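So you know, we letter chains A, B, ... as the sequences are listed, proteins then strands, and number each from 1. Computed from a predicted structure; not experimentally measured.
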There are 2 protein chains.
Amino acid sequence: MPTIKDVALKAGVSVTTVSRVLNNRGYLSEKLKKKVLQAMDELNYRPNELARSLSRSRSNIIGLIIPSVAHPFFGELTGYIEEHAYRNGCKLLLCNSRQDKHKELEYIDMLRASRVDGIIMGSHTLEVEAYQQMNLPLVTFDRQISPGIPYVCSDNYQGGVLATTLLIEKGCRQLAHIGGHPGLNILSGLRFEAFAATAGAHNIPYTLLHTDHNSFDVEAYERLLAQLFHEQPGTDGIFAGSDIIAAYALKACREHGRRVPEDMRIVGYDGIALRSMLGPALSTIRQPIEAMGKLAVELIIRQIHGGPVSPQYVLPVELEEGATT
Amino acid sequence: MPTIKDVALKAGVSVTTVSRVLNNRGYLSEKLKKKVLQAMDELNYRPNELARSLSRSRSNIIGLIIPSVAHPFFGELTGYIEEHAYRNGCKLLLCNSRQDKHKELEYIDMLRASRVDGIIMGSHTLEVEAYQQMNLPLVTFDRQISPGIPYVCSDNYQGGVLATTLLIEKGCRQLAHIGGHPGLNILSGLRFEAFAATAGAHNIPYTLLHTDHNSFDVEAYERLLAQLFHEQPGTDGIFAGSDIIAAYALKACREHGRRVPEDMRIVGYDGIALRSMLGPALSTIRQPIEAMGKLAVELIIRQIHGGPVSPQYVLPVELEEGATT
DNA sequence: TTGTACGCGTTATCAC
DNA sequence: GTGATAACGCGTACAA
């Protein structure tokens, strides 16, 4: 691979001049510029980003830690994050934590060692201090760490209200919520807080079911659903914590002979693109996934440039009614 | 951030010594080793991977170019690739090409500039020369470039035979295949070659439908399905090019009042984990997705070490019968 | 307007 | 066993 030296030699100038045309810095005659550009072209020269990064102590790499890209929501989100990172001249280093504290810690370490310019945390299983200590631009999804670390989320509470209200308006008399484990300041917990509050306000009885770990565990969902049908057979409305869970609820209904929406109404959360492949159109609370991904990237970049960021960014959700309510 | 110099200073040794304990190279007394390790610990020192990479001209980064992580198959595959890259001490740089030649070229350029140790190509829209010219460990999925560039794929032909045979054995009299565009030496084209050959051998009439671009285009699938129902109403068996397409076929059947499997039998391809969220269990040809991801990483690493690699790696598929046949 | 020389943090090649 | 010192490829004061 040719280096800047080779280019300088071929163009008959110094490396400084080459570096200048590379970065459009300082004044330089058109003539030399042409010559240098031509030399670059002939050698098919590409500046070594490693050396560049080392020299400017800036890598243009953003780290992304999520539970798993295989989960449709995170897959979609990751796609948007990558797209917008790319548009801003940044590369994306992908890390799947599987919601494992140990793995997450190792990934953070690795990312710091790799001198990434910032980290977008879609998975955050550690204690607050772990994030505060590392002196790096950070953004989280759905988790509040400290005022200095901005978080991006959809309006979880409003989403919970919308979903629950819809179920009640449709005539549901006994509700259930199924979701992941609500711990660690996870803001998605607001969804079922809103659910409980709204149901309570209407004097509608409800059940709360959640998995142990906040991971993507199909079997856990199926177990919870079986449990629900068994222990609360009167349930006629489900607010699912994600569209995936809603899909399994739909499937469970079919297997248990419950008609949707006649016997059971279902509302999901997320609004993933894949929901369109389900049989009936799923009613759901749509998060602005692309906007969230884009914003996360922008917040990292803004922090890199020392720009101001707010502690929180709550994006609006939208109720999308389908055929399951 | 502390550097190796700071550690050396604190431990009262030279940077060479620190580097030695860092890499377990050469002989060094236990005493100094302890001291250095302690200094590292106290400073919370992490070696700068950028400098390391520059010095050894080896970054331990693998580039991955795929159409889109948002597509379930690639999302799942990416998850496995990341996992195995990580296990081998490599990081993963993610690139979504959207099957865009221009973007793919830019990504390749960027990855080369970033001095990645190799590239796994899940998307490959360029001409053969483009890949041959770059002197870098490469692995492709489902595309044959040249003997020096190994490719990983499932046994597409066998998969096509299994799927088609199943449909015929179940009594289908008129078949259809729906898939992506078969061009550019894409080996997945073998699926419908096998389909056509098998159907032909049994004197079963069939239709071939495929999208223009090999991308993940929901609307195109729905359009093709509508077209199929309209133009070939007698079709009673569909071999879909992916589980996603199969899911839309299933949905279309429901919308057109066709019962599955009574009126229409459907077989998918891929065996993505998400298929379990569909209503009825989908019959499909299961690719060993994890094995494919793992193998791709290993092949890159083997090439880095100058190890021998075969030109092709065809992994076995498995017919999984569900409720749609 | 252009070139020299040094620094970025590590590794590797020599000496001691 | 341990320590200077020159690469690795590039950016950038500073000098010319």
Check this one for me: any side-chain N or O of [X] less than 4.0 Å away from OP1 or OP2 of [N]?
| X | N | value |
| --- | --- | --- |
| A:T17 | C:dG3 | yes |
| A:R25 | D:dG11 | no |
| B:Y45 | C:dT10 | yes |
| A:N48 | D:dC8 | no |
| B:R52 | C:dT11 | yes |

Any donor and acceptor pair, going by atom type alone, linking the side chain of [X] with main-chain N or O of [Y] inside 3.5 Å?
| X | Y | value |
| --- | --- | --- |
| B:D117 | B:N60 | yes |
| A:K101 | A:T125 | yes |
| A:S19 | A:V15 | no |
| A:S114 | A:V116 | no |
| A:H84 | A:A291 | no |

A:S55, nearest nucleotide to its side chain (from C:dG7, C:dT10, C:dT1)
C:dG7
Per A:S14 side chain, nearest of listed nucleotides C:dT2, D:dG11, C:dG3
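Among the listed nucleotides, the one closest to the side chain of A:S14 is C:dG3.
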Quick check on DNA chain C: between B:L54 and B:T16, whose nearest nucleotide comes earlier from the 5' end?
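Going by which nucleotide is closer to the 5' end, it is B:L54.
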Atom pair distance, as rounded to whole Å: [atom1] in [X] and [atom2] in [N]:
| X | N | atom1 | atom2 | value |
| --- | --- | --- | --- | --- |
| B:K5 | C:dC6 | NZ | C1' | 11 Å |
| B:N23 | C:dT13 | CG | P | 13 Å |
| B:R20 | C:dT13 | CZ | C1' | 10 Å |
| B:Y27 | C:dC16 | OH | C1' | 18 Å |
| B:N60 | D:dC8 | CG | P | 20 Å |
| A:L9 | D:dC10 | CG | C1' | 16 Å |
| B:R56 | D:dA7 | CZ | C1' | 15 Å |
| A:I4 | D:dT12 | CD1 | P | 11 Å |

Other residues, nucleotides, ligands: >12 heavy atoms within 6.0 Å of B:K33 NZ:
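12 or below, so no.
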For a quick check of understanding: with a heavy-atom distance under 4.0 Å over all strands, which category does [X] fall into, base, sugar-phosphate or nothing?
| X | result |
| --- | --- |
| A:S57 | nothing |
| A:T3 | sugar-phosphate |
| A:V18 | nothing |
| B:L32 | sugar-phosphate |

Has the side chain of B:R46 got a donor or acceptor atom sitting under 3.5 Å from an opposite partner on the base of C:dG9?
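No, no donor-acceptor pair under 3.5 Å.
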